[in-house]
Every structure is written in C-alpha cells, then in structure tokens.
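Here's the structure we're looking at; comments come further down.
When a ligand or atom number is given, it counts from 1 through the structure's own listing order. Computed over heavy atoms, backbone and side chain alike; hydrogens, waters and symmetry mates excluded.
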Amino acid sequence: MNALYRHAESLGIEIHYDAMVTDIEFDGDEFKSVTVGDKVITATSFVAAAGGFEANIEWLKEGWGDIAENFLIRGTPYNTGGLLKLLLENGAQKIGEPDQCHAVAIDGRAPKFDGGICTRVDCVSLGIVVNKHAERFYDEGEDFWPKRYAIWGRLVAGQPDQFAHVIIDQKAIGSFMPPVFPAEKADSIEELAEKIGLDPNALSKTVNDYNAAVQPGEFDHTELDGVHTEGLKVNKTNWARAIDEGPFYAYILRPGITFTYLGVEVTEQAQMKMANGNLSKNVFAAGEIMAGNVLGQGYLAGIGMTIGNVFGRIAGNEAADYALNR
Ligand SMILES: Cc1cc2nc3c(=O)[nH]c(=O)nc-3n(C[C@H](O)[C@H](O)[C@H](O)COP(=O)(O)OP(=O)(O)OC[C@H]3O[C@@H](n4cnc5c(N)ncnc54)[C@H](O)[C@@H]3O)c2cc1C
C-alpha cells in the first residue's frame, strides 16, 4: 500500500487522509460533487471505492437481526457504508442481499474491530467443532479449507449465542497456521470442557461418539483422503482422525465479518447503473462497494483482493477516459 501511495504521489495525485465523504451531489444521473468536512469537492468523474458496510452493526442487523451484535469485524472500523448509502439514496441500482457476506470463524477473543489475519483459526478440518451444548453441527471435512473457511462464520452465526469451539488433539499441532491467541489446553477432554465452560459429560460423549464412528483409512491432509465417520447425525467426510492423543486443545470461535456483498450495480466497465435503468455518465465503482456484482453467496480465496484490483483498474481507466474525452 505504501508503494502504491508513493507512486500516486509521484504522479501528482493529491491524497487526503481522514477525509470522510458525508454528502454527494448528483444532477440527474450525473455526479457533481462530494462534501468532505466543510469542503465541497467537484470532479468530472468519480470512482466509489469506500468498502462495504461490515463495520456498521445497525446495518448488519437489517440482514441478520440482533445476533449481529455478536459479530466481530475483521477489518477497519471505517467501512460503515456511508458512501454506499449516499449512492443508493441518489438513485444507484442496488445489487446483492443484506445478509450475504464473507464471514470467517475467527478466534472469539479477537477485538471487535481490526483483529486482522492473525485471529483466523485454521484447524477446523483437523478436528471437530462443537456449539455451546457440546454438539457438532457441520461436516468439518467437507472440502479443502481454502474452499470452506468462508462458510464457517455463517455456520457459527447460526449457533446459540453465536459461538463454538474447535477441538483438536496433539496430532494436529504443527499442521496449521497458529493463531495469535494460544489455545486452551488440557490433559483430558473433561478438563478441557471445564476450562472452556462446556458440560464435561456432553463434550466427552460427543468426542467418544465421534472417535467410535471413525472408519479406518490413511489420513492425508494434502488431499481429500476420504477418511470419514459413519453413523453420526453429522458425519465428517474427510480427515476424520480420532481425537484421542493428549494434550487436547480448544479455540473459541465467533463469526468474523470480512466484508459485505450488497452494493451498487455496475457494468463490466465498472460504470454504475441507476435504478431508473440509465447508466450514470461519470460514476464508477470498485471493490467491496460493488462486490455483489461478482459474489452472490459463498467465496473462493483471493476474490476479495481480485475484485478490488481488477475493477479498480477498469474504473480508474474509465474515469480517466471520461474526464479526458467527454
Ligand atoms: C483481515 C482480513 C483479511 C483478508 N484476507 C483476504 C485475503 O486473504 N484475500 C483476499 O482476496 N481478500 C482478503 N480480504 C478482503 C480484502 O482485503 C478486501 O475486500 C479489499 O481489500 C477491499 O478493498 P476496497 O478497496 O473495496 O476497500 P478498503 O480497502 O476497505 O478501502 C475502503 C476505504 O474507504 C474508506 N471509507 C469508508 N467510508 C468512507 C467515506 N464515507 N468517505 C471516504 N472514505 C471512506 C475506508 O476508510 C477505507 O480506507 C481480507 C480482509 C480482511 C479485513
């Protein structure tokens, strides 16, 4: 980011920090100006790249209800969707659903905002995940982690009180990126349950039932090894190893919202569409603020940055082209 800012400055681009856009003026479908503090800034063309509304708990509640109070926000507290709301109020066409987002299960001890990458917990596929009743609720081995990590925020959000625990044993240590907070550790499952506030008998039963359901096979975390459980209400379909070698470890999980998908609709050239069916002449959008054009549900690792980079470049080119040639 520093390199990009330095490069922009060397091209003569003026950068204003701590500069929230609080109002926007349109003439019909055409952008005229934005208000930043007490300044009104006019421009020939405008690129909206002010993120989603993931840091706006009240807006998240419109999609999720009150449980959104229990969500952690993985990134900046400044992405409150103010510019997105202004664009929609000024006639932009909306795309996407208010409850669709990239939501990872992160360490429940992470700060409310900006915990960043180091609070991600990446050992779900190596163990089992239980809710506050010490019950498993989803196949932890459904697919490779980069294809599945972004569904676990939503899954944990669906559990009572919006938390869960991932339980692993000694065999899993060293096979995943360790998160910043240390795991709770104990020599027995019952002792671990006490430490994390779950019913020891319930957790012990869940682990014993799971262990008894594990079928023989060659564990290999680098491929879909098919090592699975049989006969459980929720089976694990890959990497199902018994949790039987102490010490045992637990990480608390909570939904960590990375970014929201609801945004403004754009063309392939990043040009913003208006609800009246017209195109805005001179407004372009890139990144989370238009992520809903690419993402409906789900996620594949890397798409967040790709949307910003690809549409950022297109929007920049188009905005410059409009300014030079109108
Ligand atoms: C912890 C974490 C890990 C991630 N990991 C990955 C990953 O591994 N791979 C991947 O592809 N993606 C990842 N992402 C997602 C990706 O980083 C983001 O989706 C992407 O950077 C968003 O770019 P953007 O330009 O749309 O928004 P941002 O980079 O968030 O920029 C938006 C900017 O707009 C500013 N702003 C907000 N409102 C206003 C306003 N009213 N006026 C003026 N400015 C405003 C904000 O302060 C902010 O600086 C991750 C995100 C997080 C938080």
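The atoms of ligand 1 that sit less than 4.0 Å from any heavy atom of Val21 are 40 (C), 41 (N), 42 (N), 43 (C). Taking every heavy atom of Ile117 and a limit of under 4.0 angstrom, the matching atoms of ligand 1 come to 1 (C). Each of the following atoms of ligand 1 lies closer than 4.0 Å to a heavy atom of Gly75: 53 (C). Atom numbering of ligand 1 starts at 1 in the shown order; those under 4.0 Å from a heavy atom of Gly51 are 27 (O), 32 (C). Residue Ala19 has at least one heavy-atom neighbour below 4.0 Å for each of these atoms of ligand 1: 42 (N), 43 (C). Every atom of ligand 1 with a heavy atom of Gly304 under 4.0 Å away is listed here by number and element: 11 (O), 12 (N). Against a heavy-atom cut-off of under 4.0 Å, Tyr299 is close to the following atoms of ligand 1: 10 (C), 11 (O), 12 (N). Using a 4.0 Å cut-off to heavy atoms of Gly116, the atoms of ligand 1 that qualify are 1 (C).
A heavy-atom distance below 4.5 Å is found between the side chains of Leu203 and Ile167.
At a 4.0 Å heavy-atom cut-off, ligand 1 touches Tyr78 through backbone and side chain alike. Counting heavy atoms under 4.0 Å from ligand 1, residue Val36 does not touch it at all. At a heavy-atom distance under 4.0 Å, atoms from both the backbone and the side chain of Ala50 approach ligand 1.
Counting only non-hydrogen atoms, the option in His102, Glu288, Met290 that gets closest to atom 26 (O) of ligand 1 is Glu288. Taking all heavy atoms of Arg74, Met20, Glu54, Arg120 into account, the minimum distance to atom 3 (C) of ligand 1 is reached by Arg74. For atom 51 (C) of ligand 1, the nearest non-hydrogen atom from the set Thr258, Leu300, Thr306, Asn56 comes from Thr258.
Cation-pi geometry between Arg241 and Phe219 is satisfied (NZ or CZ under 6.0 Å from the ring centre, within 45° of the ring normal).
For atom 8 (O) of ligand 1, the nearest protein heavy atom lies 4.0 Å away or farther.
Looking only at protein heavy atoms, the nearest one to atom 31 (O) of ligand 1 is Ala49 O, 4.1 Å.
Residue Asn79 places at least one N or O, backbone or side chain, under 3.5 Å from an N or O of ligand 1.
Ring centroid separation for the pair Phe176 and His221 does not come in under the 6.0 Å cut-off.
Enclosure of atom NZ in Lys112 by more than 12 non-hydrogen atoms of other residues, nucleotides or ligands within 6.0 angstrom is indicated.
Partners of Tyr261 under the ring-ring contact (aromatic ring centres under 6.0 Å, His included) rule, at least two apart in sequence or in another chain, are Phe259.
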